[in-house]
2 protein chains.
Amino acid sequence: MELLMVFKALSNETRINMLIWLKQPHLHFPAEELEDYDANLGVCVSDITQKAGLSPSTTSDYLSILQKCGLIEATRVGQWTYYKRNEGAIKTLNKLIQKAF
Amino acid sequence: MELLMVFKALSNETRINMLIWLKQPHLHFPAEELEDYDANLGVCVSDITQKAGLSPSTTSDYLSILQKCGLIEATRVGQWTYYKRNEGAIKTLNKLIQKAF
DNA sequence: CAAACATATCGATATTTCCCGAAATCCAGA
DNA sequence: TCTGGATTTCGGGAAATATCGATATGTTTG
């Protein structure tokens with residue numbers, strides 16, 4: 001959990017929003033996938049792409065940036081990749097920020 | 001207090017450090033200015049420039065970035081500009097992050 | 001007022017980030 | 001195994017950021 005890397009990841013509006021959207025998937029993504037949300041599987045890339053209004057490649061790139069610094073994690077199920085928040089890491093980050101600043 | 005602006009400001013190692021250094025000036029800056037620290041005046045640009053190891057212009061620029069998003073504030077005294085943390089804003093930020101993420 | 005400083009602003013270049021489309025990879029089903 | 005859909009990776013042009021030196025501005029003092 002590198003503070004600098006986290007801040008770089010969050011220095012982009014879409015990536016900030018992704019983290020916020022993933023907090024309440026049923027509020028921001030199609031209701032069809034409700035079972036996935038309830039099972040805490042996460043949200044698949046296509047739904048996030050749709051919501052973000054960016055190309056699939058950019059979306060995938062952004063998700064990977066958030067993942068590399070630990071804020072979200074991926075689960076591959078068949079041809080889909082589901083992303084969800086890493087709540088532990090986010091809690092750690094909050095404490096780290098509190099301590100550092 | 002714009003989250004995006006704050007994260008942009010903090011997506012640079014030197015600027016992160018500036019905020020940390022300013023938390024304990026007597027620990028990171030010349031002892032000669034101890035009275036200024038105790039009076040909570042802040043630290044002047046030349047001392048920060050020295051510590052950062054960057055050119056005066058870059059240092060001034062960085063301080064201005066931190067100031068524009070509210071994390072620090074400036075006091076002009078004669079020919080010197082003293083910068084110190086805006087503790088209220090930093091506390092607000094912590095809460096905002098806690099709430100948003 | 002002129003010289004000497006401290007700081008800020010400007011102009012320029014090097015590096016990084018944004019974001020896309022094309023191509024590659026992976027997986028499911030006919 | 002061929003086709004098609006989901007995702008990732010790659011290559012690149014446009015935009016933003018990093019960082020400097022030169023210049024400008026404001027301040028103090030002889």
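Reminder, nothing fancy here: chain letters follow the sequence lines and each chain counts from 1.
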Show me the pairs that pass salt bridge (Lys or Arg N to Asp or Glu O under 4.0 Å) and involve residues 45-63 of chain A, at least two apart or across chains. none
Measuring from atom CG of Leu19(B) to atom OH of Tyr83(B), what distance do you get when rounded to the nearest 0.5 angstrom? 13.5 Å
Is there a side-chain contact between Tyr37(A) and Val43(A) in this structure, where contact means two heavy atoms from C-beta onward sitting under 4.5 Å apart? yes
Provide the start and end nucleotides, 5' to 3', of the part of DNA chain C that has atoms under 4.0 Å from heavy atoms of chain B. dC5(C) to dT9(C)
Listed pairs, N/O of protein and of nucleotides 7-14 of chain D, under 3.5 Å:
{"from": "dT7(D)", "atom 1": "OP1", "to": "Val45(A)", "atom 2": "N", "distance (Å)": "3.2"}
{"from": "dT7(D)", "atom 1": "OP1", "to": "Thr81(A)", "atom 2": "N", "distance (Å)": "3.3"}
{"from": "dT7(D)", "atom 1": "OP2", "to": "Ser46(A)", "atom 2": "N", "distance (Å)": "2.7"}
{"from": "dT7(D)", "atom 1": "OP2", "to": "Ser46(A)", "atom 2": "OG", "distance (Å)": "2.3"}
{"from": "dT7(D)", "atom 1": "O3'", "to": "Thr81(A)", "atom 2": "OG1", "distance (Å)": "3.2"}
{"from": "dT8(D)", "atom 1": "OP1", "to": "Tyr83(A)", "atom 2": "OH", "distance (Å)": "3.0"}
{"from": "dT8(D)", "atom 1": "OP2", "to": "Ser60(A)", "atom 2": "OG", "distance (Å)": "2.7"}
{"from": "dT8(D)", "atom 1": "O5'", "to": "Ser60(A)", "atom 2": "OG", "distance (Å)": "3.3"}

Going by the rule ring-ring contact (aromatic ring centres under 6.0 Å, His included), which residues pair with Phe29(B) if we only count those two or more places apart in sequence or in a different chain? none
Measure the spacing between CG of Leu22(A) and NZ of Lys84(A) and express it to the nearest 0.5 Å. 11.0 Å
Near DNA chain C, which residues from residues 14-37 of chain A have a heavy atom under 4.0 Å away? Arg15(A)
Going by side chain to side chain contact (heavy atoms under 4.5 Å, CB included), name the residues that satisfy it together with Gln24(B), two or more places apart in sequence or in a different chain. His26(B), Leu27(B), His28(B)
Linked hydrophobic residues, Leu34(A) as query - side chain contacts closer than 4.5 Å: none
Between side-chain atoms of residues 62-79 of chain B and protein atoms elsewhere (two or more places apart, or another chain), which donor-acceptor pairs fall under 3.5 Å?
{"from": "Tyr62(B)", "atom 1": "OH", "to": "Asn12(B)", "atom 2": "ND2", "distance (Å)": "3.3"}
{"from": "Ser64(B)", "atom 1": "OG", "to": "Lys68(B)", "atom 2": "NZ", "distance (Å)": "3.0"}
{"from": "Arg76(B)", "atom 1": "NE", "to": "Gly78(B)", "atom 2": "O", "distance (Å)": "3.1"}
{"from": "Arg76(B)", "atom 1": "NH2", "to": "Gln79(B)", "atom 2": "O", "distance (Å)": "3.4"}

Taking side-chain hydrogen bond (donor to acceptor under 3.5 Å, both in side chains) as the test, write out the residues that go with Ser57(B), two or more places apart. Ser55(B)
Side-chain polar contacts of residues 87-101 of chain B - donor-acceptor pairs under 3.5 angstrom, sequence neighbours left out - could you list them?
{"from": "Glu87(B)", "atom 1": "OE1", "to": "Arg85(B)", "atom 2": "NH2", "distance (Å)": "3.2"}
{"from": "Glu87(B)", "atom 1": "OE2", "to": "Arg85(B)", "atom 2": "NE", "distance (Å)": "2.8"}
{"from": "Thr92(B)", "atom 1": "OG1", "to": "Gly88(B)", "atom 2": "O", "distance (Å)": "3.0"}
{"from": "Asn94(B)", "atom 1": "ND2", "to": "Ile90(B)", "atom 2": "O", "distance (Å)": "3.3"}

Quantify the bending of the helix from dC1(C)-dG30(D) to dA30(C)-dT1(D) as the angle between its end axes, each fitted on five pairs, to 10°. 20°
Give a yes/no on whether any side-chain N or O of Asn12(B) is located under 4.0 angstrom from OP1 or OP2 of dT17(D). no
Non-neighbouring partners of Pro56(B) that pass side chain to side chain contact (heavy atoms under 4.5 Å, CB included), sequence neighbours left out: Thr49(B)
Spacing of OG1 belonging to Thr14(B) relative to CG belonging to Leu54(B), to within rounding of 0.5 Å: 5.0 Å
